[in-house]
Structure formats: C-alpha cells, structure tokens
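Each remark here refers to the structure printed beneath this line.
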Amino acid sequence: MKAPALTGMLEEIRWGLSRPQKQLPSKYFYDTRGSELFEAITELPEYYPTRTETSLLKTPVAGWVTEMAPASLVELGAGSARKTRILLAAMGHGKLQRTDQGTDHHTDQRTYAPVDVAGDFLRATAESLRVEDPSLDVRPQVRDITWDLDFVDELPAPVLFALLGSTIGNFAGEAAGELLSNVRSAMGENDLFLVGADLRPGAGKSIERLEAAYNDAQGVTADFNLNMLRALNRDAGTDFDLTAFRHRAFYDEGEGRIEMHLVAEADQEVQVPGAGVVKIGEGESIRTELSCKYDRSMLTGLFEAASLDVVKWCTDEDGLYAMALVSPM
Ligand code: AVJ
C-alpha cells in the first residue's frame, strides 16, 4: 500500500473494528502474498468458479466478443489476468475478420487496461502480457474500481468492460448498484460490459458444494483469510496475533451469501494506531468477506437499476455460474 492511502486505511480499520459485528474490508486480502494465495485458491479442486468461468469464456463468450470487435478491454479487478488472454485472443480475431470484410478497421491494435488495487501484482501482470504480445498496448491502472474510471476516455473505442471472477459478489447491498452505475457512467454508447457471477444453490448446485469452495481441504482459503492480518500488521501498524484466530466460512441462505470470518480463539488485545487498544473476546469474530450469490432475475434487476440491458446470458449446465453481457439502455 502507498503512504497517502494510510489515513484512509486506518480509518476503515478503526471504523470496522468498532462495529457490533467487527469487520475488515476484503480489498486488504490482496497484497502480493494474498494475490498469490488467491491464485492458488482458483486452482483448488473445491473452488469451481474460476474453472467454470474459464470454460464459459471459451464458449460462448469468446464468440460474443469476436462479434463485438472491441478495440479496448478494461478489466476491473484484473488480478493475474489469466482468463483475460481468452478475451484478448477473441478481440484480435474480431478485428482481422472485419478488416477482411473491407470495413474501415485498418488496424488490429488492441489496448488492454487492467484496473486493480494490488499495484505490484498488477504491474507484474502487465509486464508479462507485454512480453507475450508486444503489439498489445497495456495500460495498467492502480486504483479502486469503485472510484474514478476517467482514464477510459483516452482509450480507443469501442470498449469492452469486464468484471470477472464474481468480483461483484464482494459488493454487498447498495455497493453492487453503485459499482455498476460507476461503470455505466464510464461507458460510451457502443461499449459493452461483461460480468461473471456465482449463482445461488439450486437443482444442480448444493449448499455443501458452495461451502466447500470456501473451506478447502488443504487450508489455502484459511491461509488467505489469515494473511489479511499479516498485511494489516505490516501496512497499517496493527499487531494482530495470527496464531490466535481461525478461519470460518459459511453460506447464509437468507442473505444469499458466503461470509468469511476470523474467529478469536482467546481474548485478544490489538493495537490500532490512532485508536488505542481494540478488544476481541474469545469466540468473537471479525468478518473479512461477503461473497454474494445471485440468480438471473436479481442480476437483471441490478443491471436495470444502473440503466444497463442484458444482451447475452449463459450458465454452465449445472447452474453453478453465469455470465452476462450488458449494454447501455
Ligand atoms: C474474488 C471475491 C470472487 O468470493 O469467491 C475466494 C474471493 N474468498 N475464496 C470469492 C474468495 C475466498 C472470491 N472473489
């Protein structure tokens, strides 16, 4: 984390730890080590979202993208950009086809603007993409995706926005609508927005399977969860005892969301710069993540409220995961 952000970070921590249900923002998972742990999560046998989304991206989403032939891709919360390569390849093909047909596309120049809060990780990803494809114009943007997306004005149009990996699930309550509206206001008339979302349990998806994705046998998710305390100790100057908390994750059926917590195994006293000592009782927990799950009508409603129309929709055959392509109304 950069120095100017420290005040904001401490304010968020103080506020979160003063709530009746203590909480910390999920974005603090993603320091370099946390980003690496998340990559490891995506490869776990229990964690189906990444695998399912990758398969949907290959078919049918790549076809949608080829049809659209975007000049730029803005990926919100890019991480390692592994799945991005599928989209970039589909963009390239679109361009060539159009040129062959004699339309006024004279270039297959593509621009890729990954946006992420994890700066070092983002820059490393950008660098490896540049090496892989020197013709790709890579413009990494280190920022919070809920803030300004003004840089989009500078990008060649049409622009494809992408919010993959069910990142939208981390935006609970009104925050999801605010995020979608924020993207909507950065969109031009001919731009499109691709959103991947993890679905609620249903006929082909049990609650057990959903919960197992957040309670893997190898304990990688537990390490990922605990790593947030390590990141805060280093970047915010707190002194959480990492050995005194254990990972807990469960599905709340009423709310339709996974909650992740760190449960104190004994009474804890934590120093929070500017807020003195914060007490956490034995058995008390800090909530570190909400991962909201959706169904089609909920998502359609969220999009409509942000003046976005669903133009394409698909799910895998078990109904684990969905992808929606939306356009400005
Ligand atoms: C990146 C927010 C979509 O909620 O599934 C994975 C993060 N947390 N395992 C998710 C996560 C625990 C992930 N998102």
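In each ligand, atom 1 is the first atom listed, and ligand 1 is the first ligand listed. No hydrogens, no waters, no symmetry mates; every other heavy atom, side chains included, goes into these values.
- Distances below 4.0 Å separate heavy atoms of S291 from the following atoms of ligand 1: 4 (O), 5 (O), 10 (C).
- Looking at Y48 against ligand 1, nothing comes within 4.0 Å, counting heavy atoms.
- Taking 4.0 Å as the cut-off between side-chain N and carboxylate O, E127 and R130 count as a salt-bridged pair.
- Here the heavy atom of the protein found nearest to atom 8 (N) of ligand 1 is E289 OE1, 2.5 Å.
- At a threshold of 4.0 Å, the pair R82-E39 counts as salt-bridged, since one of the basic side-chain nitrogens sits closer than that to a carboxylate oxygen.
- Neither the backbone nor the side chain of F29 comes within contact range of ligand 1; no heavy atom lies under 4.0 Å.
- A salt bridge is defined here as a Lys NZ or Arg NE, NH1 or NH2 lying under 4.0 Å from an Asp or Glu carboxylate O, and D252 with R257 fails to meet this definition.
- Checking only distances, K293 never comes within under 3.5 Å of ligand 1, N or O to N or O.
- The closest protein non-hydrogen atom to atom 13 (C) of ligand 1 is Y47 OH, 3.4 Å.
- Not less than 6.0 angstrom separates the ring centroid of Y321 from the ring centroid of Y48.
- Considering only non-hydrogen protein atoms, atom 14 (N) of ligand 1 sits nearest to G165 O, 4.1 Å.
- The residues R85 and E132 are annotated as salt-bridged, a charged nitrogen and a carboxylate oxygen being separated by less than 4.0 angstrom.
- Of the N or O atoms in N170, none lie within a sub-3.5 Å distance of an N or O in ligand 1.
- Here's the thing with Y214: one of its N/O atoms is less than 3.5 angstrom from an N/O atom of ligand 1.
- Which parts of ligand 1 touch Y30 is read off a 4.0 Å heavy-atom cut-off, strictly below it: atoms 1 (C), 7 (C).
- Interface atoms of ligand 1 facing S166, defined by a heavy-atom separation under 4.0 Å, are 3 (C).
- Aromatic ring centres of F250 and H261 lie closer together than 6.0 Å.
- In this structure, the side chain of D309 does not engage the main chain of V311 through any donor-acceptor pair within 3.5 Å.
- Of the charged side-chain nitrogens involved, none lies within less than 4.0 Å of a carboxylate oxygen, so that R33 and D223 do not count as a salt-bridged pair.
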